Novice: 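Below: one structure in structure tokens.
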Amino acid sequence: MKKWLQIIACTLFACMMTAGSALAKDKIVVGFSQIGAESAWRVANTDSIVSEAKSRPHIELKFSDAQQKQENQIKAIRSFISQGVDVIAFSPVVETGWEPVLKEAKRAKIPVILSDRAVDVQDDTLWVTFMGSDFVEEGRRAGNWLMENYDRLKNPDKSSDVVNVVELQGTVGSAPAIDRKDGFAEVTKGSAFKIIKSQSGDFTRAKGKEVMEAFLKSEGKKIDVLYAHNDDMALGAIQAIEEYGLNPGKDIIIVSIDAVRGAFEAMVEGKINCTVECSPLLGPQLFDAVEDLMAGKELPKRIVTNEGVFPAETAAETLPTRKY
Ligand code: GZL
């Protein structure tokens with residue numbers, strides 16, 4: 001009988017120690033690898049993550065900015081592993097090339113949360129949950145809004161037999177660029193809306209202007225519509241359109257994605273016709289998920305952010321309510 005009592009006593013002691021160590025953990029250390037600061041959206045996303053971490057005294061955030069380079073994100077994740085953080089979270093700049101480092105995190109028993117963008121890996125046990133927008137749906141919303149509103153907005157002397165669309169894509173190989181292209185193409189397939197030029201502007205204002213200049217040089221007044229995968233590229237393109245001597249929002253209808261403040265200001269000026277929301281305010285959701293994870297709760301594999309569509313007509317009244 002004595003032997004059994006000893007076994008029970010040891011088991012109870014071990015349980016108390018484990019519980020104690022979890023309870024004694026006064027800090028949850030999170031390593032976050034951010035893509036960069038390529039757009040107003042990204043800056044707002046970083047602000048949301050950093051400020052939310054600051055508002056939670058039990059969260060210690062180790063933040064790394066990769067300047068839009070995958071190799072820097074991989075280095076940062078390896079560093080988090082060697083530091084023995086409790087959770088790794090990151091916004092993957094592109095979809096592929098993550099297996100090796102995610103397998104290292106798994107071997108180190110460090111859970112990984114995907115924030116904002118997804119990865120394309122065979123083994124989905126390499127990440128715990130993906131939280132962020134449905135980019136395909138954002139592309140569909142942009143295409144549907146355009147088809148429903150183009151005729152009332154277009155320059156009267158433009159025909160509607162074929163509507164020539166130029167597309168500014170996001171970063172090559174990134175989930176939002178791939179999915180936003182697919183969603184727009186899916187809903188406009190077989191319609192009068194034809195993409196005549198499509199090129200990456202890497203989600204930046206400068207590159208968006210540069211590529212739009214090239215579109216205008218080759219297609220000129222043939223262009224009826226600009227579909228931009230983010231507002232920063234649309235704002236750069238507006239500069240190119242005006243320098244070319246055309247009126248953005250009138251001669252060229254512009255539909256974009258993100259719904260950042262700059263897009264609302266451009267809509268108030270009549271230079272963008274619609275922006276589809278993609279919320280960067282992921283900080284609260286991210287650290288709720290971290291805390292649930294550390295408390296041993298099961299996380300859903302996919303957490304989708306809720307978003308809307310903002311036409312220019314409502315921009316003035318909506319602008320004061322915008323948080324980014
Ligand atoms: C979308 C996000 C994209 C934004 C861009 O969730 O990954 O990256 O649309 C940003 O503005 O650069």
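Predicted model, so just to flag it, every value in this text is computed and none were measured. All values below were derived from every heavy atom in this structure, side-chain atoms included, with hydrogens, water molecules and symmetry-related copies excluded. Counting convention: from 1, in listed order, for ligands and their atoms alike.
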Novice: Between E138 and H229, is there a side-chain donor-acceptor contact under 3.5 Å, judged purely by atom types and distance?
Specialist: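 No, E138 and H229 have no side-chain donor paired with an acceptor closer than 3.5 Å.
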Novice: Please tabulate, one line per pair, the protein N or O atoms found under 3.5 Å from any N or O atom of ligand 1, giving the distance to one decimal.
Specialist:
| residue | atom | partner | partner atom | Å |
| --- | --- | --- | --- | --- |
| ligand 1 | 6 (O) | D116 | OD1 | 2.3 |
| ligand 1 | 7 (O) | R42 | NH2 | 3.0 |
| ligand 1 | 7 (O) | D116 | OD1 | 3.0 |
| ligand 1 | 7 (O) | D116 | OD2 | 2.8 |
| ligand 1 | 7 (O) | R117 | NE | 2.7 |
| ligand 1 | 7 (O) | R117 | NH2 | 3.4 |
| ligand 1 | 8 (O) | R42 | NH2 | 3.0 |
| ligand 1 | 8 (O) | R117 | NH2 | 2.8 |
| ligand 1 | 9 (O) | R180 | NH1 | 2.8 |
| ligand 1 | 9 (O) | R180 | NH2 | 3.2 |
| ligand 1 | 9 (O) | D258 | OD1 | 2.6 |
| ligand 1 | 9 (O) | D258 | OD2 | 3.4 |
| ligand 1 | 11 (O) | S39 | OG | 3.0 |
| ligand 1 | 11 (O) | N230 | ND2 | 2.9 |
| ligand 1 | 11 (O) | D258 | OD2 | 2.6 |
| ligand 1 | 12 (O) | E38 | OE2 | 2.6 |
| ligand 1 | 12 (O) | S39 | OG | 2.9 |

Novice: Please give me the minimum heavy-atom distance between F264 and A259, naming the atom from each residue.
Specialist: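 Nearest pair, atom of F264 first, then A259: CE1-O, 3.5 Å.
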Novice: Taking ring-ring contact (aromatic ring centres under 6.0 Å, His included) as the criterion, tell me which of Y227, F184, Y150 meets it with F193.
Specialist: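 The residue from Y227, F184, Y150 that satisfies ring-ring contact (aromatic ring centres under 6.0 Å, His included) with F193 turns out to be Y150.
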Novice: When you look at NZ of K301, are more than 12 heavy atoms from neighbouring residues, nucleotides or ligands closer to it than 6.0 Å?
Specialist: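 Above 12, so yes.
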Novice: Using the test side chain to side chain contact (heavy atoms under 4.5 Å, CB included), find all partners of V43 that sit at least two apart in sequence or belong to another chain.
Specialist: A37, D47
Novice: Please confirm whether the backbone N or O of D202 pairs with a side-chain atom of S200, one donor and one acceptor, at under 3.5 Å?
Specialist: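 At least one qualifying donor-acceptor pair exists.
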